[in-house]
Peer 1: 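The structure is given below, and queries will be raised subsequently.
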Protein chains: 2
Amino acid sequence: MPENPDAFAHPASRLALEVFRLNGALIATGDALVAPLGLTSARWQVMGAVAEACGGQPVAGIARNMGLVRQSVQRIVDELAAEGILRFAPNPHHRRAKLVQLTERGEALFAEASRRWLVLADALAAALGAEDVARAAEVLCAAREHLHQAQAREEEAA
Amino acid sequence: MPENPDAFAHPASRLALEVFRLNGALIATGDALVAPLGLTSARWQVMGAVAEACGGQPVAGIARNMGLVRQSVQRIVDELAAEGILRFAPNPHHRRAKLVQLTERGEALFAEASRRWLVLADALAAALGAEDVARAAEVLCAAREHLHQAQAREEEAA
DNA sequence: GGCATTATGACTGTATGCTGTCAAATCGAC
DNA sequence: GTCGATTTGACAGCATACAGTCATAATGCC
C-alpha cells in the first residue's frame with residue numbers, strides 16, 4: 001500500500017474532496033439562512049447575479065456570470081418572476097432577450113438575505129482569518145482556470 | 001453604493017463563489033476523465049469511498065464518510081452492483097446492512113481512474129504549488145467545520 | 001442586401017442530491 | 001429479558017444542474 005501512489009493523500013485530491021464537502025455545507029447553510037424568506041440557495045444566488053448586473057443582463061448573460069448553463073438559470077428566473085421577485089424589462093439591443101431585473105420586493109428580499117449572510121460571513125472571516133480566506137479563494141480561482149484550460153486543450157485535441 | 005456593505009466584495013463571499021464554481025468545474029472535469037471508462041464523477045467518488053473503507057462499510061457508513069445522505073449513495077451503489085463493479089458481502093455485525101466491496105473489475109476500473117486523475121492532480125499541484133493547495137484545503141475544512149457548528153447551534157436554539 | 005454563423009429562449013430528458021416516510025434489525029437502558 | 005431509541009435499507013417525491021434539440025433574433029461576412 002505505501003509504495004503505490006495513494007490518490008487519497010495527494011494535495012489536489014484533498015482539495016477536491018474539501019471543495020465537494022464545503023459546497024454541500026454552503027448550500028445547506030444558505031438554504032437554512034434564506035428559507036424564512038421563502039428563498040433557496042439557488043434562488044438567492046440567481047438574485048445575487050441579477051443584482052450584480054444591475055438589471056442590465058438577459059438570462060444567458062446571467063448564466064455566463066454564474067458559470068452555469070442557460071437552462072438552469074432560466075427555470076429559476078421564471079419561478080422568481082412568477083412570484084414577483086424578478087421582472088423582465090425590454091432590451092433595446094435584442095427583442096427576445098429581455099433584461100432581468102429585481103422588483104422592489106426582490107430588492108428588499110435580497111437586502112435582507114445579504115444582511116443575514118454578512119453576519120455569518122464576518123464570523124467566518126474572523127474565525128479563519130480574512131487573509132487566509134482571501135488566499136484560499138485565489139487558489140480555487142487559479143485551480144478552476146487551470147481545469148478550464150486543460151479541458152479546452154483536451155477538446156482541441158479531439 | 002460605496003457606503004453600504006457590499007456583500008459581493010466580502011472575502012467569505014468570494015470564497016463561497018469560488019467553491020461553487022470550482023465544484024462545477026471539478027465535476028465536469030471528473031466526468032470527462034472517467035467517461036471513457038463508463039463512469040461518472042459521482043460513481044467514481046462512491047468507488048473511492050468504498051476503496052478507502054477497504055470493503056468494510058455498509059451503504060450508510062460510506063455515505064457518512066462522503067458527507068452525503070444514505071439515499072444518494074444507495075442509488076449509485078445499486079447501479080454499480082448491477083453492473084458488476086461493486087458487490088455486497090455478508091456483514092457479521094448486521095444481517096441487513098451488507099458490506100459494500102469492489103469486485104475485481106471495480107478494482108481495475110478504479111485503479112485506471114486513479115491513474116488518470118493523478119496526472120491532472122500532479123499538474124494542478126505543480127501549477128499552483130502543493131503548499132498553497134494544501135493550505136487552501138485546510139481553510140476549506142475549517143470553514144466547513146465552522147458552518148457545521150453554526151448550524152448545530154442554530155438547530156439547538158430552535 | 002443576402003446568407004451563414006452565432007446568440008437566445010423554450011422544451012424535453014437525464015443525473016445527482018435532499019427530504020419524508022416506513023419496516024426491519026440492532027443497540028442500550030432498565 | 002424487554003421495550004424504546006437508533007440504525008439501516010427501501011421507496012416516493014422534489015430541487016438543481018446538465019445535455020440535446022428547435023425556432024427565432026441578431027450579427028458579421030461577402
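In what follows, chains carry the letters A, B, and so on, assigned in the order in which the sequence lines appear, proteins first and then strands, with residues in each chain numbered from 1. Any value given below was found using the heavy atoms of this structure, including those in side chains, with hydrogens, waters and symmetry copies removed.
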Peer 1: If you check the S72(B) side chain, which of dT16(C), dT16(D), dC18(C) turns out closest?
Peer 2: dC18(C)
Peer 1: Is any NZ, NE, NH1 or NH2 atom of the basic residue among E18(A) and R14(A) found under 4.0 Å from an Asp or Glu carboxylate oxygen of the other?
Peer 2: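 Not counted as a salt bridge, because no side-chain N and carboxylate O are separated by less than 4.0 Å.
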Peer 1: If only side-chain N and O atoms of R95(A) are considered, is one of them under 4.0 Å from the OP1 or OP2 phosphate oxygen of dT24(D)?
Peer 2: no
Peer 1: Measure from the side-chain heavy atoms of H94(B) and tell me the nearest of dT8(D), dT16(D), dG9(D).
Peer 2: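 The answer is dT8(D).
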Peer 1: If you assign H93(A) and V73(A) each to the DNA chain D nucleotide with the nearest heavy atom, which residue ends up on the more 5' nucleotide?
Peer 2: V73(A)
Peer 1: Would you call R135(A) and D132(A) a salt bridge, taking side-chain N to carboxylate O under 4.0 Å as the test?
Peer 2: yes
Peer 1: For M66(A) and dA17(D), what is the distance between atoms CE and C1' respectively, to the nearest whole Å?
Peer 2: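 The answer, rounded to whole Å, is 11 Å.
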Peer 1: Is the shortest heavy-atom distance from the side chain of W44(A) to the side chain of L33(A) under 4.5 Å?
Peer 2: yes
Peer 1: Tell me: CD of Q74(A) to P of dA19(D), nearest whole Å?
Peer 2: 17 Å
Peer 1: Just compare dG9(C), dG17(C), dG9(D) and give me whichever is closest to any side-chain atom of R75(B).
Peer 2: dG17(C)
Peer 1: Does E83(A) reach the side chain of R43(A), with side-chain heavy atoms less than 4.5 Å apart?
Peer 2: yes
Peer 1: Under 4.0 Å from OP1 or OP2 of dT16(C): is there any side-chain N or O of T40(B) that close?
Peer 2: yes
Peer 1: Between E79(A) and N91(A), just flag the one whose closest nucleotide in DNA chain D comes earlier from the 5' side.
Peer 2: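 Here E79(A) is the residue nearer the 5' end.
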Peer 1: Would one find a side-chain N or O of Q71(B) under 4.0 angstrom from OP1 or OP2 of dC11(D)?
Peer 2: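 Result: no.
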Peer 1: Roughly, in whole Å, what's the span from CD1 in I27(B) to C1' in dT14(C)?
Peer 2: 15 Å
Peer 1: Distance check: side-chain N/O of R64(B) vs OP1/OP2 of dT8(D), anything under 4.0 Å?
Peer 2: yes
Peer 1: To the nearest angstrom, how far is R21(B) atom CZ from dT16(D) atom C1'?
Peer 2: 18 Å
Peer 1: Can you tell me how far C1' of dT16(D) sits from CZ of F20(A), to the nearest Å?
Peer 2: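 Going from F20(A) (CZ) to dT16(D) (C1'), I get 16 Å.
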Peer 1: Rounded to whole Å, how long is the line connecting atom CG of N65(A) with atom P of dT8(C)?
Peer 2: 11 Å
Peer 1: Within less than 4.0 Å of OP1 or OP2 of dA23(C), is there a side-chain N or O belonging to R96(B)?
Peer 2: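 Result: no.
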Peer 1: What's the CZ-P distance between R70(B) and dC22(C), to the nearest Å?
Peer 2: 14 Å
Peer 1: Test of understanding: clusters of I, L, V, M, F, W, Y form through side-chain heavy atoms closer than 4.5 Å, transitively. Do V46(A) and F8(B) belong to the same one?
Peer 2: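 In one cluster with V46(A): F8(B), yes.
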Peer 1: What's the NZ-C1' distance between K98(A) and dT24(D), to the nearest Å?
Peer 2: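 Those two atoms, NZ and C1', are 13 Å apart.
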